[in-house]
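Just so you know, ligand 1 is whichever comes first in the structure, and atom 1 is the first atom listed for that ligand.
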Amino acid sequence: MDHEADAYRTDLMTITRFVLNEQSKYPESRGDFSILLSHIVLGCKFVCTAVNKAGLAKLIGLAGETNVQGEEQKKLDVLSNEVFVKALVSSGRTCILVSEEDEEATFVAPSKRGRYCVVFDPLDGSSNIDCGVSIGTIFGIYMVKDDHEPTLDDVMQPGKNMLAAGYCMYGSSCTLVLSTGEGVNGFTLDPSLGEFILTHPNIKIPKKGKIYSVNEGNAKNWDGPTAKYVEKCKFPKDGSSPKSLRYIGSMVADVHRTLLYGGIFLYPADKKSPNGKLRVLYEVFPMSFLMEQAGGQAFTGKQRALDLIPEKIHERSPIFLGSYDDVEEIKALYGAEVKGK
Ligand code: FDP
């Protein structure tokens, strides 16, 4: 890469410009989606700043869990949730919000209501906050079915009905990855401009990867196909090299690496958690949507992940997602088990 030329680049494709360009392809569009997205972007910028300051804020808070103004410090995930809920409601473009942090869905008051439903995890991987590991926000966007009073059915739709999905990773840089159903694009926050700039256009996941990513501490409780698959990754019998293991334990970071480098990310079912750990609406669906849009696959152990129809807003599902060929292998192992029964 020509870093010097890069530093003087003058034609910057910001996320706003990118989305407006996309919008201009649809003359009938009223710009509602662009407005909604600008509110999501604002939430991401706020959380990015808060995450960057978290270590410092904690040090200040050590004097007695209160900040300099004498107010009690809010936990970062609670704070992030408040920021996103307020930004989304004030956009005037949403009608139902489902957040990982809130037990019940939020129905937006009629005076501020729009046509979009947003499902999100404001700060995923939050058990990693205190040690400075990358964490992120994940979101998916649906549109209400018809002109009717919004109900929970509007969000209990299969992931394939999402209009858009994305995540923002708060890591060594702040990266927002977005798909509106026409490929996947990545934007990096330029802190001096306060703008997300297109840095990863048209992301395609390698067809096959060299990395597997799973919490192997759960291996004792895995089912046959998952155990066989991981064994194959470590001791391939076809003469290929073993895969490397990388597991951060923060979904956004593990999925981001998988998207860029290829390979497979697994959070399978096990004897203790028959539905796995990850949540369908705001973890499994958005990440599966992005994987498919990048040319990969996402599978639950039984079906294409995006075909699942959730019955509860915080439902969980096992998930295997990543490079097309790697997911094919795990599908074959589950398929063979079904045939053998
Ligand atoms: P966390 O518990 O830190 O919030 O679903 C949340 C999640 O992190 C994911 O981000 C991550 O992939 C997964 O849980 C990690 O779970 P394990 O600790 O069981 O591996």
Side-chain angles (χ1 to χ4, degrees), residues 44 47-48 50-51 54-55 58 75-81 84 98-103 119-140 159 165-171 174-177 211-223 226-227 229-230 233 245-261 263-291 296 298-301 305 308 310 312-322 327:
C44 294
V47 176
C48 177
V51 168
K58 198 161 181 210
K75 281 182 74 190
L76 214 47
D77 40 8
V78 176
L79 181 72
S80 307
N81 190 43
F84 272 102
V98 172
S99 165
E100 195 265 349
E101 285 289 323
D102 296 322
E103 211 171 304
V119 291
F120 61 104
D121 187 345
L123 205 54
D124 189 80
S126 46
S127 64
N128 293 292
I129 293 173
D130 288 346
C131 60
V133 164
S134 299
I135 46 185
T137 297
I138 312 174
F139 59 90
Y167 60 79
C168 186
M169 186 176 72
Y170 313 108
C174 178
T175 308
L176 199 155
V177 173
I211 298 173
Y212 73 103
S213 184
V214 65
N215 184 344
E216 271 206 78
N218 296 330
K220 173 167 92 89
N221 293 317
W222 285 345
D223 62 18
T226 296
Y229 180 77
V230 172
C233 289
L245 167 64
R246 298 281 183 274
Y247 188 69
I248 300 168
S250 174
M251 191 188 196
V252 174
D254 281 315
V255 169
H256 188 61
R257 184 201 53 248
T258 306
L259 194 61
L260 296 187
Y261 297 172
I264 187 162
F265 168 82
L266 308 71
Y267 210 112
D270 63 42
K271 280 185 212 129
K272 274 179 144 175
S273 324
N275 295 320
K277 176 180 183 187
L278 302 178
R279 312 292 182 141
V280 172
L281 275 180
Y282 40 80
E283 292 183 311
V284 169
F285 278 173
M287 295 311 202
S288 301
F289 188 92
L290 291 166
M291 278 298 160
F299 176 64
T300 64
L308 252 180
K312 286 187 269 171
I313 58 173
H314 296 297
E315 191 168 309
R316 301 170 198 263
S317 168
I319 186 70
F320 305 86
L321 52 78
V327 179

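- When heavy-atom distances to ligand 1 are checked against 4.0 Å, the residues falling inside are Asp124, Gly125, Ser126, Ser127, Asn215, Tyr247, Gly249, Ser250, Met251, Tyr267, Lys277, Leu278, Glu283, ordered by chain and number.
- Judged by distance alone, with hydrogens and angles left aside, the side-chain atoms of Thr175 form no donor-acceptor pair with the main-chain N or O of Met169 at under 3.5 Å.
- Between Phe120 and Phe84, the ring planes lie tilted relative to each other; the angle falls in the 30° to 60° range.
- Of the possible donor and acceptor atoms, none in the side chain of Asp102 sits under 3.5 Å from a partner among the backbone N and O of Ser99.
- Residues passing the side-chain contact (heavy atoms from CB on, under 4.5 Å) test with Lys220, sequence neighbours excluded: none.
- Counting only distance, with no hydrogens or angles, the side chain of Asp223 and the backbone of Thr226 share a donor-acceptor pair below 3.5 Å.
- Within the 3.5 Å criterion, the main-chain N or O of Glu103 finds a donor-acceptor partner in the side chain of His314.
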